[in-house]
Amino acid sequence: SLAISLELSLHEIELLLRKHGYCLSKSLPNDMVVLWFLKNTNKYKNNCCLIQNINNTLYELNLPQLMTKLINR
């Protein structure tokens, strides 16, 4: 969520994650949700709105939200 709020591009986010030993995986559902939203960011003018939409979708899918480690039940 920090990278999104800094308005980094998907490429910049992937580079940042890779430098720290992480990646957005296409095999993890929560990463796929984030990737989908990042690839469709032109629909969102405000990155706070983007984070909120990602979290709302993750919540609906019962997946961990950004900035949390808990799964909504």
Side-chain angles (χ1 to χ4, degrees):
S1 65
L2 179 60
I4 293 169
S5 63
L6 290 172
E7 299 183 4
L8 298 180
S9 68
L10 176 57
H11 177 71
E12 293 170 322
I13 291 171
E14 288 174 333
L15 285 175
L16 179 66
L17 289 172
R18 210 172 305 140
K19 284 183 181 181
H20 296 282
Y22 297 98
C23 70
L24 290 171
S25 173
K26 293 180 180 177
S27 64
L28 297 173
N30 52 332
D31 284 2
M32 283 300 299
V33 170
V34 173
L35 279 168
W36 186 89
F37 276 98
L38 290 174
K39 290 178 181 179
N40 294 286
T41 55
N42 57 346
K43 296 178 184 177
Y44 303 96
K45 296 177 183 172
N46 183 341
N47 283 338
C48 290
C49 182
L50 176 60
I51 294 169
Q52 184 178 8
N53 284 313
I54 292 171
N55 277 340
N56 288 342
T57 303
L58 291 170
Y59 178 83
E60 290 297 321
L61 296 172
N62 201 31
L63 296 169
Q65 296 178 34
L66 298 178
M67 302 181 352
T68 68
K69 293 190 179 208
L70 300 174
I71 296 177
N72 298 314
R73 304 250 174 197

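All residue numbers refer to positions in the sequence shown, counting from 1. Source: prediction; values computed, not measured.
Linking Ile, Leu, Val, Met, Phe, Trp and Tyr whenever their side-chain heavy atoms come within less than 4.5 Å puts Leu6 and Leu24 in one cluster. Criterion: ILVMFWY side-chain heavy atoms under 4.5 Å apart, direct or through other members. Under it, Leu15 and Leu38 are not part of a common hydrophobic cluster. Follow the hydrophobic side-chain contacts under 4.5 Å out from Leu28 and you never reach Met32; the two are in separate clusters.
The distance from atom OG of Ser5 to atom CE of Met67, rounded to the nearest 0.5 Å, is 8.5 Å. Separating the CG atom in Leu2 from the CD1 atom in Ile13 is a distance of 9.5 Å, to the nearest 0.5 Å. Atom OG of Ser1 is separated from atom CG of Leu50 by 10.5 Å, given to the nearest 0.5 angstrom.
Scanning for side chain to side chain contact (heavy atoms under 4.5 Å, CB included) contacts around Leu61 gives Val33, Thr57, Leu63, with sequence neighbours left out. With sequence neighbours excluded, the residues satisfying side-chain hydrogen bond (donor to acceptor under 3.5 Å, both in side chains) with Ser9 are Glu12.
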Please test Ile54 against Ile4 for side chain to side chain contact (heavy atoms under 4.5 Å, CB included), starting from the C-alpha separation and ending with a verdict.
CA-CA 11 Å; Ile54 292 171; Ile4 293 169; 3.7 Å; yes
Would Leu35 and Glu14 count as a side chain to side chain contact (heavy atoms under 4.5 Å, CB included) if you check the C-alpha gap in whole Å, the side-chain angles of each, and the deciding distance to 0.1 Å?
CA-CA 10 Å; Leu35 279 168; Glu14 288 174 333; 4.2 Å; yes
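Leu16 and Ala3 make their closest contact through CD2-CB, 4.4 Å (heavy atoms, listed as atom of the first residue, atom of the second, distance). Shortest non-hydrogen contact noted between Pro64 and Leu58 is O-CD1, 3.3 Å.
Looking only at distances, a side-chain donor or acceptor of Asn55 sits under 3.5 Å from a matching main-chain atom of Leu66.
Among pairs with a residue in residues 15-26, those fulfilling side-chain hydrogen bond (donor to acceptor under 3.5 Å, both in side chains) read Ser25-Ser27, at least two apart in sequence or across chains.
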